[in-house]
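Quantities reported herein were computed from a predicted structural model and do not represent experimental measurements.
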Amino acid sequence: MHKMKRGMLLGLMMVAMFLMAACQSEAPKTEAPAADATVQAVSFPLTLTDASGKEMTFDKAAESVVSLSPSTTEMVFALGKGSLLKGRTKYCDYPEEALSVPSVGSIMEPNIEAIVASKPDVVFISGMFSDEVKAKMEGLGLKVFDISSHDTFDGVYTALDNVGQILSAKEASDKLVADMKATVAEVQEKVKGAEAKSAYYVVGYGESGDYTAGKGTFIDQMITMAGGVNAAGDVEGWSYSLEKLIEKNPDYMICRNNGDDKKGISAANGYKDLTAVKEGRLVEIDSDLLDIQGPRSAEGVRMLAEILHPELFK
């Protein structure tokens with residue numbers, strides 16, 4: 001899938017998820033894990049409660065999986081269980097090995113017949129997913145487990161833990177969560193006491209409207225963790241005004257590295273006159289590190305911190 005189209009979809013999904021969310025949480029303080037943390041073995045039958053609040057029992061470890069979310073697909077591979085994936089959405093393109101897994105359609109319109117035919121022990125969903133489609137799959141006897149993070153790092157850690165338990169890969173999930181927490185803690189220690197730099201993440205601009213990550217979003221939390229201040233922290237949701245952006249004139253403008261955004265923003269009305277753009281502080285970033293709430297989110301915090309405080313990461 002072309003990176004630009006995929007990034008646009010994820011941006012639209014984030015906008016919709018915010019509008020549908022019942023509540024948002026403040027960015028959690030993250031501390032490094034204890035070095036002697038003990039890994040608890042998983043025993044079956046296993047009963048877990050998914051992100052929607054539904055309790056689900058697994059008689060044995062899942063041996064076949066369908067993932068209807070890029071974040072879940074990344075989790076499954078990160079836990080060393082990619083061979084169990086029997087289906088993924090056409091937007092699940094990381095890691096590269098995921099492309100060899102059969103596509104079962106899009107996130108919003110999955111091919112239910114293809115999913116049923118793959119005979120999965122569990123179907124993982126997250127983020128914006130149709131309740132109607134979920135009910136239809138459950139009516140066909142599919143076990144559908146929601147691993148949404150609810151826009152918090154603790155939610156990502158819980159999702160990884162749940163996937164690890166279901167796939168009998170808890171040792172791997174515990175290590176991954178510990179590594180993520182350690183990365184975030186290391187970054188926060190480095191930026192501690194540093195002057196916070198304001199940053200604006202460009203989700204949309206120009207004729208299509210001005211969109212960014214507002215207060216309470218996952219990206220807002222990441223910017224704060226990285227020692228920054230979200231320039232759009234004065235609004236909730238994703239819609240912003242060009243007038244406000246010009247008034248804020250943030251220290252840094254951050255955009256997706258899809259090959260088109262930086263060039264377009266540099267020439268866009270209002271954006272081209274921002275100090276950050278004129279002085280070379282319009283910076284590209286791998287948008288997956290910010291847009292996808294999963295195993296690479298801690299690396300996204302590090303990348304943001306390196307952008308905002310380059311002097312601390314020499």
Side-chain angles (χ1 to χ4, degrees), residues 3-27 127-128 151-152 191 194-293 300-301 303-310:
K3 180 87 170 179
M4 179 178 172
K5 291 182 180 178
R6 180 168 175 272
M8 288 173 64
L9 172 88
L10 291 171
L12 290 173
M13 283 180 61
M14 290 190 294
V15 173
M17 281 190 288
F18 182 90
L19 294 174
M20 294 170 65
C23 62
Q24 298 290 352
S25 300
E26 293 296 323
M128 192 175 113
D151 278 353
T152 70
V191 301
E195 179 185 356
K197 303 295 178 64
S198 60
Y200 181 95
Y201 180 56
V202 183
V203 174
Y205 68 96
E207 294 182 359
S208 61
D210 300 291
Y211 294 95
T212 186
K215 179 182 178 181
T217 60
F218 194 72
I219 295 168
D220 173 55
Q221 296 173 26
M222 295 178 80
I223 291 172
T224 301
M225 287 178 168
V229 174
N230 185 6
D234 57 335
V235 300
E236 294 186 347
W238 298 84
S239 181
Y240 210 66
S241 73
L242 181 57
E243 291 75 19
K244 277 190 177 182
L245 175 58
I246 293 172
E247 179 184 342
K248 290 294 186 69
N249 198 24
D251 298 318
Y252 285 88
M253 296 289 291
I254 300 170
C255 67
R256 296 183 170 100
N257 63 337
N258 59 26
D260 297 315
D261 272 13
K262 187 172 184 178
K263 181 178 179 180
I265 292 167
S266 298
N269 178 46
Y271 288 79
K272 63 183 179 181
D273 298 318
L274 294 170
T275 303
V277 174
K278 292 192 293 186
E279 295 185 356
R281 294 194 302 277
L282 169 59
V283 185
E284 292 178 306
I285 192 171
D286 183 347
S287 57
D288 284 355
L289 301 182
L290 276 62
D291 296 343
I292 297 177
Q293 299 168 18
V301 173
M303 290 297 295
L304 283 172
E306 290 179 356
I307 291 171
L308 301 178
H309 301 282

Practice prompt. Would you check, one step at a time, whether the test side chain to side chain contact (heavy atoms under 4.5 Å, CB included) holds for Trp238 with Thr212?
Written response: CA-CA 5 Å; Trp238 298 84; Thr212 186; 5.9 Å; no
Practice prompt. Start with the C-alpha gap between Ile265 and Leu282, add the side-chain angles, then the distance that decides, and say whether side chain to side chain contact (heavy atoms under 4.5 Å, CB included) holds.
Written response: CA-CA 9 Å; Ile265 292 167; Leu282 169 59; 3.9 Å; yes
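A distance-only check finds no donor-acceptor pair linking the side chain of His309 to the backbone of Ala194 [under 3.5 Å]. When atom types are taken as modelled, the side chain of Asn249 and the backbone of Thr275 share a donor-acceptor pair closer than 3.5 angstrom. Checking side-chain atoms of Asp261 against main-chain N and O of Cys255 turns up no donor-acceptor pair under 3.5 Å. No donor-acceptor pair under 3.5 Å is formed between the side chain of Ser208 and the backbone N or O of Gly204.
Side-chain contact check for Asp151 and Gln293: at least one donor-acceptor pair (N or O, by modelled atom type) lies under 3.5 Å. A donor and an acceptor atom, one from each side chain of Asp210 and Tyr271, are located under 3.5 Å apart.
From Ile307, atom CD1 reaches atom CD of Glu284 across 10.0 Å, with rounding to the nearest 0.5 Å. Taken to the nearest 0.5 Å, the NZ atom of Lys263 stands 12.5 Å off from the CG atom of Asn258. Remark: Leu245 CG to Tyr240 OH distance equals 7.0 Å, nearest 0.5 Å.
Ionic pairing of Asp286 and Arg256 is not present here: no N-O contact between side-chain nitrogen and carboxylate oxygen is shorter than 4.0 angstrom.
The six-membered or imidazole ring of Tyr205 lies away from that of Tyr211, with a centre-to-centre distance of 6.0 Å or more.
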